[in-house]
Asker: 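My questions will all concern the structure given below.
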Amino acid sequence: MFDINKIRKDFPILERKITDGNKLIYFDNAATSQKPKVVIDSLVKYYENYNANIHRGVHKMAEEATCAYEEVRQKVKSFIGARNEDEVIFTRNTTESLNLLAYSLGELFVNEGDEILLSEMEHHSNIIPWYILRSRKKIKVKFIPITDNYELDYKSLEQLVTKKTKIISLTHKSNVLGTVNNIKKIAQIAKANGAVFIVDAAQSAPHLSVDFQDLGCDFLVFSSHKMCGPTGVGVLVGRREYLEKMPPFLGGGEMIRKVTFEDFTTNDLPWKFEAGTPNIADVIAFGVAIDYLQNIGLENIYKYECELTEYALDKLKQFDFLKIYGAKDCNKRAGIITFSNPVVHPHDIATIVDQYGIAIRAGHHCAQPLMKKLNVSATARASFYFYNTKEEIDLFVYALKKAFDYFAIGACNELIKGKINAKQNATTTR
Amino acid sequence: MFDINKIRKDFPILERKITDGNKLIYFDNAATSQKPKVVIDSLVKYYENYNANIHRGVHKMAEEATCAYEEVRQKVKSFIGARNEDEVIFTRNTTESLNLLAYSLGELFVNEGDEILLSEMEHHSNIIPWYILRSRKKIKVKFIPITDNYELDYKSLEQLVTKKTKIISLTHKSNVLGTVNNIKKIAQIAKANGAVFIVDAAQSAPHLSVDFQDLGCDFLVFSSHKMCGPTGVGVLVGRREYLEKMPPFLGGGEMIRKVTFEDFTTNDLPWKFEAGTPNIADVIAFGVAIDYLQNIGLENIYKYECELTEYALDKLKQFDFLKIYGAKDCNKRAGIITFSNPVVHPHDIATIVDQYGIAIRAGHHCAQPLMKKLNVSATARASFYFYNTKEEIDLFVYALKKAFDYFAIGACNELIKGKINAKQNATTTR
Amino acid sequence: MQNKTLPQLDDLYKEIILEHYRNPHGREPLSKVNYQAEGMNPLCGDEVKLTLQLDSENDKKIEKVHIEGHGCSISVASGSMLADILKGKTIAEAKEISKYLKEIMHDKINDTEIDIGDLEALCGVKKFPVRIKCALLPWTTFEEALLGHEHVEIS
Amino acid sequence: MQNKTLPQLDDLYKEIILEHYRNPHGREPLSKVNYQAEGMNPLCGDEVKLTLQLDSENDKKIEKVHIEGHGCSISVASGSMLADILKGKTIAEAKEISKYLKEIMHDKINDTEIDIGDLEALCGVKKFPVRIKCALLPWTTFEEALLGHEHVEIS
Ligand SMILES: Cc1ncc(COP(=O)(O)O)c(C=O)c1O
Ligand SMILES: Cc1ncc(COP(=O)(O)O)c(C=O)c1O
């Protein structure tokens, strides 16, 4: 059923040679995923056969393009378990979806003195839009702390939610820790306190089976490019009760019903929130990506990624000086392994493994506050997707070992083990 | 030099058959343009070879993708005559660029009682963002009238600009009338009155040689999809003096310098205005589109389109009952022919010519206020691009004739000529 | 060279449709208004204003329909036919016809056998998906008018 | 199977760079501060804090450099070398060295012949474009420090 060799053949880029003789090993999937041929083909098919602006055209191609575009809404609806396709809005990316919400919900019901509740493990995309809202309305932004096990501190959460809490906006799965938060539980807390609950599913939608209705949140956002789809497409799923009352975010063609020299009225949902010519080709290709993922099966993807993660964590045990962030239980951090060590800087690690054709990420992963909390300036992150293999992990571990060896010439070996501090050691060897 | 047969071969879609035996004749270019093979190929090349998230990656593909993406900024800079590439910002489309400006300039310096000056020929994209701003700040939105020659009324313009006018935002070329406005002249008026001047170049950038510095405006916006590039990419070019002071629009990854649990600082230009994962693949392909257009030469494109327009207008003379909107002088309305007639509704015309494989647009063209001004509810529009031919125009005129004939069976012939009014005529024939 | 025969078009523009378009019915003013609504297709700008006058003795029967606005041949003809066919029908019957037409347009199987007169001619629109909205605009507006009234009754 | 020899890496991580990284210079506190600036690379999180102490008799000469922060081997080594090489240089000479290094990194032709000592080892970074910023961070911060001071003088 889950045939990894067959799957790998679907991704042309996996044949790419990065350095002489070294094939690409792509472990930067949390940043963006690779695309199967069917998705790429669909772009070509669109531009070579029925490229036209949508919704207002009478001619054949406009009709074809409109149908294909709107069909993807249906697909997203069933993929994510939304109630109705008019609750599915296309944006550019997760970031834009969150900005739309911060702006529009902000205009709708956030007032001076109100509070927005985020967590310490949020991506910048789920922090800055709220800081920007705070600059317009005098509100407070609070952060739910994380525990020593790299999980949300649910006790603190319950204390932090008050009558003033208008919005709770949390990541479903951390892009650094891999932690998967208990959204259902939080949805209940949010509901009990009358807070609107937004879930950032940028890291979960590609890897877990996510059901909007089952989760019980009010809004859910994610990006096409992290789930085999093209860049330039994001999704915002929300409850009609809110979407209908919310003021428009971007104004222009498509989102209007009637415009006069005096005023305008907005179009029906979902178009009310889609202004201007949409990213038609990429939305259509995103539909193909969803089909592709569903064909493989999100459960299969999740299971396989857990397997990979467990395998990798086990292999990494040999580097006893490595600090690995995230839950011990693989099922709770599927696919993401973030680590640091006292001697070799994440950037140097990334550069060295890159020489072996291995792409990992090093830095703050757009989560500077979390880095601060973890008390590091940067970390290295390997993130898997269903086309990765154990053999690739073996090579990664091999390359990592080379990196540590490289930096640990002579006495530095000692240093890596953290037994002697850097300065003492250096003075004796010089 | 300008070899139309060679050019047509660059566009795979022109081989498409719409109805049995009828090849596509695409006259809906003002809505969106078709794409040459090199642009489509560049998408495939990106996804098959170096798809990676940009700017923060250390690995090889991240570096390649970042370079390719940033190179396009250079290309746009020289294409549009900007001073510096950090004054070039990538958005989703013209609409988003205008919303960004309305929001950010609005926050920066628009206050109660201020005025925004638009014109009667604006696209909804250049009206609604200002209406939305008006809903937050108590300001006035005023419209410069158009003359009987379908041009801007420059006299009224000068009267409408006052000390209260904070922003003037105008289209360079009308998507309905084809009228090209005298931006240089208006830029002087704006400057003299201390107003910020925004130019909507969505319809001009694809067809005319547009030079930002020469025009003398403060901001210029346009869309990739109307100029041989993919959907999902827009451009905002602006003066650094403003961009530096303007508050950010969308918040998230990429646009920040430093984020803490308390606050954030913004990144340098242009990234300050590019939040989240950009539409990397499409921006890179847009760069290829720019190269392609520059290879052909904007002057050549303009000249050829004028030729086509003159030819078409001449042929349309045979339908003496047609009302054609726009300047008499072809050089002032290159490429766009909008018309109506008292009997056959634009929708019916579009459906009938569609049967001959001809794609034109019918409706309000996202310019409802202008329709009101022209005193019609809808019009038909044929809009050309450099890959169109006189033979295609001949077929269009043939199909149009069929449409008129179709509706003019029997006494209705008379009707079309406008000699007898509909009701009278109908009662006599029944 | 483009093909010059257009069999499909004759399905769309049946002579009867063109006749209704040229000489639309339902333009005479009403003596009273029981239901009314304005319909609009934001995509193309077509507008319909529809008013119903019920039987003065029996509020269940439609005595007369007035319809005006502007639009393409399909929406105008459809409105004209609506004015013809709904005249004298009970509201229940009228709703049935409206539902029936919608189902035909969206190619849903429908076992009901209703005599829809000239409306039959509209069925050709099915083959032109973008134009279905044009054909249904007057009917949607009709339903809105009824709902509007019902809505008023409920609140 | 991946290739296991990595000739390129030796260009980047010359032994002298690793030595500076392991034992960075310029960590001793200064007795006074004439110029200072903080540099940061927002993409990777590297941070540098640089302070300069000038010759007490002759304000034109750099007596000592203090540098701290955190970063990768390249930025730390570059900072350490900066502390070494700028010691005893006039500000004009120091600026010259900074300019020279930048030009080398961006592959611009430069006819100047300056003895840059250990800095020579940094030239291998050229082949790793993403890492150039790491190598230049301390130097950009140094220039900012000077500018900052000049700026204060001007206003
Ligand atoms: C004059 C003008 N302005 C703005 C737009 C909006 O462009 P987009 O839909 O790409 O945002 C268009 C195109 O429809 C246009 O013609
Ligand atoms: C948890 C999380 N939220 C939001 C984002 C932002 O996604 P995008 O860059 O597609 O807007 C990301 C990805 O970088 C993410 O990992």
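Numbers restart at 1 for each chain; the letters A, B, ... are given by sequence-line order, proteins then strands.
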Asker: What part of A/M371 gets closer than 4.5 Å to chain B, counting heavy atoms only: side chain, backbone, both or neither?
Answerer: neither

Asker: Please tell me if the side chains of B/E48 and A/I13 come closer than 4.5 Å, counting only heavy atoms from C-beta onward.
Answerer: no

Asker: Please classify the contact of B/Y50 with chain A as side chain, backbone, both or neither, using a heavy-atom distance under 4.5 Å.
Answerer: both

Asker: Counting only heavy atoms closer than 4.5 Å, note whether B/E64 contacts chain A via side chain, backbone, both or neither.
Answerer: side chain

Asker: Assess the pair B/F249 and A/F249: is the distance between their ring centroids shorter than 6.0 Å?
Answerer: yes

Asker: Heavy-atom distance under 4.5 Å to chain A: side chain of B/A102, backbone, both or neither?
Answerer: neither

Asker: Please name the pair of heavy atoms, one in A/C366 and one in B/G253, separated by the smallest distance, quoted to 0.1 Å.
Answerer: SG-CA, 3.9 Å

Asker: Relative to each other, are the rings of B/F143 and A/F261 parallel, tilted or perpendicular (30° and 60° limits)?
Answerer: perpendicular

Asker: In terms of heavy-atom pairs under 4.5 Å with chain A, which of B/I18, B/N53, B/L370 leads?
Answerer: B/N53

Asker: Between A/T260 and B/K372, is there a side-chain heavy-atom distance shorter than 4.5 Å?
Answerer: no

Asker: Checking heavy atoms, do the side chain of B/D263, its backbone, both or neither come under 4.5 Å from chain A?
Answerer: both

Asker: Pick one of side chain, backbone, both or neither for B/P247, based on which atoms fall under 4.5 Å of a heavy atom in chain A.
Answerer: neither

Asker: When heavy-atom pairs shorter than 4.5 Å are enumerated against chain A, which of B/H347, B/K258, B/K373, B/R136 gives the highest number?
Answerer: B/R136

Asker: Heavy atoms only, distances under 4.5 angstrom: which of A/N51, A/T32, A/V353 has the most pairs with chain B? Name it, please.
Answerer: A/N51

Asker: Does NZ in B/K137 sit with more than 12 non-hydrogen atoms of other residues, nucleotides or ligands closer than 6.0 Å?
Answerer: yes

Asker: Given a strict heavy-atom distance threshold of 4.5 Å, which part of B/H365 is in contact with chain A: side chain, backbone, both, or neither?
Answerer: neither

Asker: With side chain to side chain contact (heavy atoms under 4.5 Å, CB included) as the criterion, how do A/V259 and B/I128 come out once you've worked through the C-alpha distance, each side chain's angles and the decisive distance to 0.1 Å?
Answerer: CA-CA 8 Å; A/V259 183; B/I128 316 295; 3.7 Å; yes

Asker: Of all of B/R134, B/K142, B/E122, which one pairs up most often with chain A through heavy atoms under 4.5 Å apart?
Answerer: B/R134

Asker: Going from CD on B/E107 to CD1 on A/I132, what distance comes out if it is rounded to the nearest 0.5 angstrom?
Answerer: 10.0 Å

Asker: For B/Y385, check ring-ring contact (aromatic ring centres under 6.0 Å, His included) against everything at least two apart and list the hits.
Answerer: B/H207, B/Y387

Asker: Top residue by heavy-atom pair count (under 4.5 Å) with chain A, among B/D41, B/V44, B/N49?
Answerer: B/N49

Asker: How long is the span from the OG1 atom in B/T231 to the OH atom in A/Y47, to the nearest 0.5 Å?
Answerer: 3.5 Å

Asker: Using non-hydrogen atoms and a 4.5 Å limit, figure out which bit of A/H225 sits close to chain B: side chain, backbone, both or neither.
Answerer: side chain

Asker: Given heavy-atom pairs under 4.5 angstrom as the criterion, report whether the side chain, backbone, both or neither of A/T277 touches chain B.
Answerer: both

Asker: May I have the step-by-step check of side chain to side chain contact (heavy atoms under 4.5 Å, CB included) for A/M255 and B/H124, ending in yes or no?
Answerer: CA-CA 10 Å; A/M255 55 71 72; B/H124 292 161; over 6 Å; no

Asker: Counting heavy-atom pairs closer than 4.5 Å to chain A, which one of B/G234, B/G363, B/A275 comes out on top?
Answerer: B/A275

Asker: Roughly how far, to the nearest 0.5 Å, is CG of A/L43 from OH of B/Y46?
Answerer: 12.0 Å

Asker: Just verifying a value: how many Å separate A/H59 NE2 and B/I360 CD1, rounded to the nearest 0.5 Å?
Answerer: 9.0 Å

Asker: Sort by residue number and list every residue of residues 92-101 of chain B having at least one heavy atom under 4.5 Å from chain A.
Answerer: B/R92, B/N93, B/T95, B/E96, B/N99

Asker: Find out whether A/K60 and B/Q355 are in side-chain contact, i.e. whether some heavy atom of one side chain is under 4.5 Å from a heavy atom of the other.
Answerer: no

Asker: Which answer fits A/A367, side chain, backbone, both or neither, if we ask what part of it has an atom under 4.5 Å from a heavy atom of chain B?
Answerer: neither

Asker: With a 4.5 Å cut-off on side-chain heavy atoms, are B/V58 and A/D354 touching?
Answerer: no

Asker: So which part of A/I256 gets closer than 4.5 Å to some heavy atom of chain B, the side chain, the backbone, both or neither?
Answerer: side chain

Asker: Checking A/Q34 side chain against B/A52 main chain: does a donor-acceptor pair fall under 3.5 Å?
Answerer: no

Asker: Go through the atoms of A/P346 and report whether side chain, backbone, both or neither lie under 4.5 Å from a heavy atom of chain B.
Answerer: neither

Asker: Between A/R56 and B/D28, is there a side-chain N and carboxylate O pair less than 4.0 Å apart?
Answerer: no

